[in-house]
> 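For reference, the structure I am asking about is given below.
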Amino acid sequence: RVTRTAAQGASSPVTQAQTDITFTNPSFDTNTTGWSITTSGTITRTTTAGEFESTPAGAKLFEVISTSAAATTLTGTAKASRTYVLTCRVKTSDAVAYPVRLGIGATTLEANQNFVTQNVNSSGFVTLTKYWTPTVNTASPVVVIENGHANQTAYIDTFDLRVATPPPP
């Protein structure tokens, strides 16, 4: 089954579900198991209305002093030359738009260097999208999300990982 959202338009690649690699906890429905802080700050589950989009919960990523980042290790092996499309829904606690980063890679360091940045504010959830094409088969890749501003909470909702169609040969 191939899915194209209205927002993708004609120039965006069509994506399809994939089973190469999976999240342990993509939506924080019951807890934040599998997610850890890689810099400083906290990640907690939230069930407060307006702080998540998909029922029953989301996550809050917060830091007082500088930026905060959380990471999770995926299960499975990403195939070389296959383009993966990683998305998540996010908004922040601040009316002013500040950067939020989403990355994926073979290690936490690589995910921190292979990211997309989007300025996000409190006006509503937006989709962050990161394309990733590993050059070699990559076991247990890492996803990192970073809240780029002090005293700001990033509200994070469902992560999804699909494959661009048609997949490269």
> Please give me the minimum heavy-atom distance between Asp157 and Phe52, naming the atom from each residue.
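Shortest heavy-atom separation between Asp157 and Phe52 comes out as OD2-C, 3.4 Å.
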
> CD/Glu146 to OG1/Thr39 distance, rounded to the nearest 0.5 angstrom?
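Atom-to-atom, Glu146:CD and Thr39:OG1 are 6.5 Å apart.
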
> Output all residues satisfying salt bridge (charged side-chain N to carboxylate O under 4.0 Å, His left out) with Asp160, sequence neighbours left out; order by chain, then residue number.
Arg162

> Check Ala17 against Val163 and note the closest heavy-atom contact, atom names and distance.
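So the two residues come closest at O-CG1, 4.1 Å.
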
> Return the CG to CH2 distance between Leu102 and Trp132, rounded to the nearest 0.5 Å.
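Output value for this atom pair is 12.5 Å.
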
> Who pairs with Thr127 by side chain to side chain contact (heavy atoms under 4.5 Å, CB included), at least two apart in sequence or on another chain?
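With sequence neighbours excluded, Thr127 shows a side chain to side chain contact (heavy atoms under 4.5 Å, CB included) to Thr87, Arg89, Thr129, given in chain and number order.
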
> Could I get the full list of side chain to side chain contact (heavy atoms under 4.5 Å, CB included) partners for Ser36, not counting sequence neighbours?
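Checked Ser36 against side chain to side chain contact (heavy atoms under 4.5 Å, CB included); zero matches.
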
> Quick one: CD on Glu53 to CZ on Phe125, what's the gap to the nearest 0.5 Å?
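Glu53 CD to Phe125 CZ: 5.5 Å, rounded to 0.5 Å.
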
> Looking only at the side chains, is there a donor atom on one of Ser54 and Thr158 sitting less than 3.5 Å from an acceptor on the other?
yes

> For Phe23, which residues count as a ring pair (Phe, Tyr, Trp, His ring centres under 6.0 Å) partner, sequence neighbours excluded?
Phe159

> According to side chain to side chain contact (heavy atoms under 4.5 Å, CB included), who are the partners of Thr24, at least two apart in sequence or on a separate chain?
Thr75

> Any link between Val100 and Val116 through a network of hydrophobic side chains (Ile, Leu, Val, Met, Phe, Trp, Tyr) touching at under 4.5 Å?
yes

> Is it the case that the side chains of Asp94 and Asn121 hold a donor-acceptor pair, with the cut-off being a distance below 3.5 Å and no angle test?
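Side chains of Asn121 and Asp94: no pair found under 3.5 Å.
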
> Give every donor-acceptor pair under 3.5 Å between a side-chain atom in residues 135-145 and any protein atom, sequence neighbours left out.
| from | atom 1 | to | atom 2 | distance (Å) |
| --- | --- | --- | --- | --- |
| Asn137 | OD1 | Ala80 | N | 2.8 |
| Thr138 | OG1 | Val136 | O | 2.8 |

> Test of understanding: with salt bridge (charged side-chain N to carboxylate O under 4.0 Å, His left out), list the residues that count as partners of Arg45, not counting sequence neighbours.
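Arg45: no salt bridge (charged side-chain N to carboxylate O under 4.0 Å, His left out) contacts found.
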
> Which residues pass the side chain to side chain contact (heavy atoms under 4.5 Å, CB included) test with Thr48, not counting sequence neighbours?
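Testing Thr48 for side chain to side chain contact (heavy atoms under 4.5 Å, CB included), a comparison that skips the adjacent residues, returns Thr46, Glu51.
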
> List for me each residue that meets ring pair (Phe, Tyr, Trp, His ring centres under 6.0 Å) alongside Phe28, sequence neighbours excluded, and say none if there are none.
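Once residues adjacent in sequence are excluded, the partners of Phe28 under the ring pair (Phe, Tyr, Trp, His ring centres under 6.0 Å) criterion are Trp35.
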
> Using the salt bridge (charged side-chain N to carboxylate O under 4.0 Å, His left out) criterion, which residues pair with Glu110? Sequence neighbours excluded.
none

> How would you list all residue pairs meeting salt bridge (Lys or Arg N to Asp or Glu O under 4.0 Å) that involve residues 114-141, not counting sequence neighbours?
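Salt bridge (Lys or Arg N to Asp or Glu O under 4.0 Å) check on residues 114-141 returns no pairs.
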
> Can you tell me how far CD of Gln118 sits from CG of Leu128, rounded to the nearest 0.5 angstrom?
5.0 Å

> Of all heavy-atom pairs between Gly34 and Thr72, which one has the smallest distance, and what is that distance?
O-OG1, 2.8 Å

> Report yes or no: does Asn119 contribute a side-chain atom to a donor-acceptor pair with the main-chain N or O of Ala97 at less than 3.5 Å?
no

> What residues join Val96 in its hydrophobic cluster, counting side-chain heavy atom gaps under 4.5 Å, either direct or through other members?
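Reading the cluster by chain and number, Val96 sits alongside Tyr98.
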
> Between the side chains of Asn147 and Glu63, does any donor sit under 3.5 Å from an acceptor?
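No, no side-chain donor-acceptor contact under 3.5 Å.
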
> Are Ile21 and Leu86 linked, directly or through intermediate hydrophobic residues, by side-chain heavy-atom contacts shorter than 4.5 Å (ILVMFWY only)?
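Yes; Ile21 is reachable from Leu86 via cluster members.
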
